Amino acid sequence: QVQLVESGGGLVQAGGSLRVPCAASGSIFSSNVMGWYRQAPGKQRELVALITSGGTTTYADSVKGRFAISRDNAKNTVYLQMNSLNPEGTAVYYCAATLRTFTCDFVAWWPSDFDSWGQGTQVTVSS
């Protein structure tokens with residue numbers, strides 16, 4: 001397992017941008033598929049984006065074209081760049097790691113597929 005720590009959350013106005021990093025410890029980070037989930041109050045945890053060790057990415061339809069996931073394996077860090085934020089983006093954002101084989105089919109992913117989770121960082125988008 002890897003240990004994950006998110007940071008960089010906060011309050012942003014609708015239409016604004018925010019980048020949240022997730023720092024990982026553990027030598028196997030570069031082998032992991034990394035994901036970002038979010039959970040809004042009263043809602044289920046939602047998968048937002050995935051990135052493979054080689055940099056292949058995929059996104060939920062709700063964020064496609066606005067969010068970008070990236071990783072720096074040398075720094076053991078994965079990032080979520082969020083642009084054109086709207087109030088529906090208000091949530092706790094979690095990064096997660098898994099050694100499961102990657103598929104771009106979001107329906108095939110479950111939170112239980114991920115072995116490691118960060119503690120989450122709050123993002124609040126004001127209208």
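Everything quoted here is computed from the prediction, not taken from an experiment. Along the sequence shown, the residues carry numbers beginning at 1. Values below: every heavy atom of this structure, side chains too, minus hydrogens, waters and symmetry copies.
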Would you say the side-chain atoms of [X] pair up with the backbone N or O of [Y], donor to acceptor, closer than 3.5 Å?
X    : Y    : value
D72  : A74  : yes
S116 : V2   : yes
T98  : D113 : yes

side-chain hydrogen bond (donor to acceptor under 3.5 Å, both in side chains) partners of S84, counting only residues at least two apart: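 Scan of S84 (side-chain hydrogen bond (donor to acceptor under 3.5 Å, both in side chains), adjacent residues dropped) gives none.
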Same apolar cluster: V48 and V78, side chain cutoff 4.5 Å: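 Yes: a chain of side-chain contacts under 4.5 Å links V48 to V78.
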Single-linkage hydrophobic cluster, 4.5 Å side-chain cutoff, V63 and Y94 together: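 No, V63 and Y94 fall in different hydrophobic clusters.
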Residue pair [X] / [Y], side-chain heavy-atom distance below 4.5 Å:
X   : Y    : result
Q81 : S17  : yes
P21 : S7   : yes
V33 : I51  : no
L18 : L85  : yes
T58 : W109 : no
T77 : R71  : no

Lys/Arg cation over aromatic Y93: R38, 6.0 Å, 45° cone: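 No, a cation-pi geometry is absent between R38 and Y93.
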W110 six-ring face occupied by R45 cation (under 6.0 Å, within 45°):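 Output no; distance or angle outside limits.
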L99 vs N32, side chain to side chain contact (heavy atoms under 4.5 Å, CB included): CA-CA, chis, key distance, verdict: CA-CA 5 Å; L99 291 174; N32 281 267; 3.7 Å; yes
Heavy-atom pair with the smallest gap, counting every atom of [X] and [Y]:
X    : Y    : answer
Q39  : K43  : NE2-O, 3.1 Å
T121 : G9   : OG1-N, 3.1 Å
P87  : S127 : CG-CB, 3.8 Å
G89  : V125 : C-CG2, 4.2 Å
S53  : N73  : O-ND2, 3.5 Å

Pair S62-E88, side-chain donor/acceptor within less than 3.5 Å: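 There is no such pair between these side chains.
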Parallel, tilted or perpendicular, as decided by the 30° and 60° cut-offs, for the rings of Y37 and F114: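 Aromatic pair F114/Y37 classed perpendicular.
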Give, for atom [atom1] of [X] and atom [atom2] of [Y], the distance between the pair rounded to the nearest 0.5 Å.
X    : Y    : atom1 : atom2 : result
T124 : Q13  : OG1   : CD    : 13.0 Å
I69  : C95  : CD1   : SG    : 9.0 Å
L80  : M34  : CG    : CE    : 11.5 Å
Q119 : L4   : CD    : CG    : 9.0 Å
T57  : F102 : OG1   : CZ    : 7.5 Å

Test applied, side chain to side chain contact (heavy atoms under 4.5 Å, CB included); reference residue, L50; option that passes from W36, Y59, F106: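 The side chain to side chain contact (heavy atoms under 4.5 Å, CB included) with L50 is passed solely by F106 among W36, Y59, F106.
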Worked verdict on V12 versus M82 for side chain to side chain contact (heavy atoms under 4.5 Å, CB included): CA-CA 11 Å; V12 62; M82 300 180 283; over 6 Å; no
